[in-house]
Participant: 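There's a structure below that I have some questions on.
Just so you know, these numbers use all the heavy atoms, side chains as well, and skip hydrogens, waters and symmetry mates. The sequence lines fix the lettering, A, B, ..., with proteins before strands; numbering per chain opens at 1. Keep in mind it's a predicted model, so treat the numbers as computed, not measured.
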Amino acid sequence: MPELAEVEYYRKLWTPGLGDTVTGVRLHPKAAVFRGVDPAQIKRQLTGATLLSSEAAAKQMLFRLAAADTAPLWLGIHLGMTGELSAQPTGYEPKKADHLVLDQARRTLVFSDFRMFGRVQFATGDKPPAWWTQIAPAILSPAFTVGAVAAFLQRRTRTAIKPVLLMQERFPGIGNWMADEILWSAGIHPRRPAGSLTPAEIKILHRETRRVCREAIKYVGRELHGLPQSWLFHHRWEDGGKCPKTGVPLVREEIGGRTTCWSPGRQKL
DNA sequence: TCCTATGTTGTATG
DNA sequence: ACATACAACATAGG
């Protein structure tokens with residue numbers, strides 16, 4: 001389920017383990033979540049290391065660890081479509097989809113992802129690796145300006161605005177439900193060509209993008225399903241779901257290869 | 001059996 | 001070179 005807001009939620013579930021040593025590592029060496037990395041190396045280097053800090057950016061998380069006689073260790077996790085983190089009691093028996101399990105004296109930290117679209121990254125070095133630093137500037141940072149959004153839309157004149165909002169290089173952390181939520185609250189039809197938005201609409205889109213991110217982090221950070229009922233989120237999948245603002249039945253169609261939900265009347269072509 | 005799924009990426013095509 | 005469209009990845013559940 002993880003988009004920016006849920007990623008932040010899951011990141012914090014490992015917070016109890018900060019400051020503690022990893023006494024053992026259990027992993028599935030052949031799991032697809034380890035594509036591009038060496039699971040044996042991860043197991044070797046993380047064992048005995050101390051988990052120091054974590055941060056989230058876009059749909060990814062970065063965990064910093066320290067070990068004797070080596071440069072800092074960087075563990076990256078992308079939750080893909082079905083990834084989750086959890087902290088389990090000592091003695092936890094890993095389940096089938098628990099691909100990376102870090103044992104500590106007082107708990108066990110687990111990354112599981114049954115569909116395995118997520119991934120584990122790993123690096124050592126004094127500075128965070130490129131796969132982390134290359135993530136686009138956050139939507140809630142000063143770099144996310146109306147001008148930057150306008151310029152990005154201009155280069156995608158004919159593309160529907162919906163898939164444009166899913167492009168991580170400009171909208172890091174936005175996923176399918178957040179994109180629909182943004183367009184719904186901005187009153188913009190998801191099929192509108194990106195280049196057809198007026199300056200006024202771009203301004204609203206920019207404002208609502210930031211607002212949805214800020215509020216989603218606030219509500220979801222508290223509890224995973226903590227969004228208010230007034231959000232589209234709670235109605236978008238139910239058959240016969242109605243727009244929380246107008247009471248009119250919602251519409252669902254595929255746009256840009258993803259199921260898209262909107263409220264006709266509020267969002268016109 | 002068939003369809004869907006809160007994501008990314010490689011490849012083909014324009 | 002750039003933008004766009006779509007299959008592929010792997011699995012569970014309705």
Participant: A:Lys96 has a side chain; which of C:dA12, B:dT4, B:dG7 sits nearest to it?
Facilitator: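 Closest of the options to the side chain of A:Lys96: C:dA12.
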
Participant: For A:Lys127, does the NZ atom sit with more than 12 other heavy atoms under 6.0 Å from it, leaving out its own atoms?
Facilitator: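 Check fails, neighbour count at 12 or below.
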
Participant: Just checking A:Gly257: base, sugar-phosphate only, or nothing, at a heavy-atom cut-off of under 4.0 Å?
Facilitator: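 Nothing, no heavy atom under 4.0 Å.
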
Participant: Take the protein atom CD of A:Glu254 and the nucleotide atom C1' of B:dT4, then report the distance between them rounded to whole Å.
Facilitator: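 A:Glu254 atom CD is separated from B:dT4 atom C1' by 11 Å.
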
Participant: Starting at the 5' end of DNA chain B and moving along, which residue's nearest nucleotide shows up first, A:Arg115 or A:Leu166?
Facilitator: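 Its nucleotide being nearer the 5' end, the pick is A:Arg115.
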
Participant: Decide yes or no on ring pair (Phe, Tyr, Trp, His ring centres under 6.0 Å) for A:Trp74 and A:Phe63, but give the supporting numbers first.
Facilitator: CA-CA 6 Å; A:Trp74 307 95; A:Phe63 295 90; over 10 Å; no

Participant: Expressed in angstrom and rounded to an integer, what is the separation of A:Lys30 atom NZ from C:dA10 atom P?
Facilitator: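 For the pair A:Lys30 NZ and C:dA10 P, the rounded distance is 13 Å.
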
Participant: Measure from the side chain of A:Arg119, starting at C-beta and using heavy atoms only, and say which of C:dT11, C:dA3, B:dT9 lies closest.
Facilitator: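 It is B:dT9.
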
Participant: Which nucleotide in the list C:dA10, B:dT4, C:dT4 gets nearest to the side chain of A:Thr259?
Facilitator: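 Ranking C:dA10, B:dT4, C:dT4 by closest atom to the A:Thr259 side chain puts B:dT4 first.
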
Participant: Using the side-chain heavy atoms of A:His78, tell me which of these nucleotides is nearest: C:dA3, B:dT4, B:dT8.
Facilitator: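 Side chain of A:His78 sits closest to B:dT8.
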
Participant: Whole angstroms only, please: what is the CZ-P distance between A:Arg252 and B:dA5?
Facilitator: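 After rounding, the gap between these two atoms is 8 Å.
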
Participant: Any strand counts, and the cut-off is 3.5 Å on both contacts for Watson-Crick or G-U wobble. Which nucleotide pairs with C:dA10?
Facilitator: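 Paired with no nucleotide.
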
Participant: Grab the CZ-C1' distance between A:Arg158 and C:dA5 for me, whole Å please.
Facilitator: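 Rounding to the nearest Å, CZ of A:Arg158 and C1' of C:dA5 are 15 Å apart.
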
Participant: Taking CD from A:Glu169 and P from C:dT4, how many angstroms apart are they, rounded to a whole number?
Facilitator: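 A:Glu169 atom CD is separated from C:dT4 atom P by 11 Å.
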
Participant: Does OP1 or OP2 of B:dG7 have a side-chain N or O of A:Arg258 closer than 4.0 Å?
Facilitator: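 So the side-chain polar atoms of A:Arg258 do come within 4.0 Å of the phosphate oxygens OP1 or OP2 of B:dG7, strictly under.
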
Participant: Mark this stacking check for A:Phe117 against B:dT8 as yes or no, applying ring centres under 5.5 Å and ring planes under 30°.
Facilitator: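 No, A:Phe117 does not stack on the base of B:dT8.
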
Participant: Do A:Asp98 and A:Tyr92 pair up side chain to side chain, a donor and an acceptor below 3.5 Å, judged on atom types alone?
Facilitator: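 Side chains of A:Asp98 and A:Tyr92: pair found under 3.5 Å.
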
Participant: I want to verify a distance call: between B:dA5, B:dT8, C:dA12, whose nearest atom is closest to the A:Gln168 side chain?
Facilitator: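 The listed nucleotide nearest to A:Gln168's side chain is B:dT8.
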
Participant: Starting at CZ of A:Phe152 and ending at P of C:dT4, how long is that distance when rounded to a whole Å?
Facilitator: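 Between P of C:dT4 and CZ of A:Phe152: 9 Å.
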
Participant: Mind calculating the distance between CG (A:Asp239) and P (B:dA5) to the nearest angstrom?
Facilitator: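 Interatomic distance, CG of A:Asp239 to P of B:dA5: 11 Å.
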
Participant: Would you indicate, yes or no, if B:dG7 has its OP1 or OP2 atom less than 4.0 angstrom from a side-chain nitrogen or oxygen of A:Thr82?
Facilitator: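 For A:Thr82, the contact criterion (side-chain N or O under 4.0 Å from OP1 or OP2 of B:dG7) is not met.
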
Participant: Touch check for A:Arg35, heavy atoms < 4.0 angstrom, all strands: base, sugar-phosphate only, or nothing?
Facilitator: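 Contact class for A:Arg35: none.
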
Participant: In whole Å, what is the span from the CD atom of A:Glu3 to the P atom of B:dA5?
Facilitator: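 For the pair A:Glu3 CD and B:dA5 P, the rounded distance is 13 Å.
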
Participant: Do A:Glu6 and A:Trp177 have side-chain heavy atoms sitting under 4.5 Å apart?
Facilitator: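 Side chain of A:Glu6 against side chain of A:Trp177, heavy atoms only: contact under 4.5 Å found.
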
Participant: With both distances under 3.5 Å as the test, what is the Watson-Crick or G-U wobble partner of C:dA1?
Facilitator: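 Per the H-bond distance test, none.
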
Participant: Between the side chains of A:Glu254 and A:Arg258, is the shortest nitrogen-to-carboxylate-oxygen separation below 4.0 Å, so that they form an ion pair?
Facilitator: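 Salt bridge flag = no for A:Glu254 with A:Arg258.
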
Participant: So, do A:Arg191 and A:Glu253 sit near enough that their side-chain heavy atoms are less than 4.5 Å apart?
Facilitator: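 SC-SC contact between A:Arg191 and A:Glu253 confirmed.
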
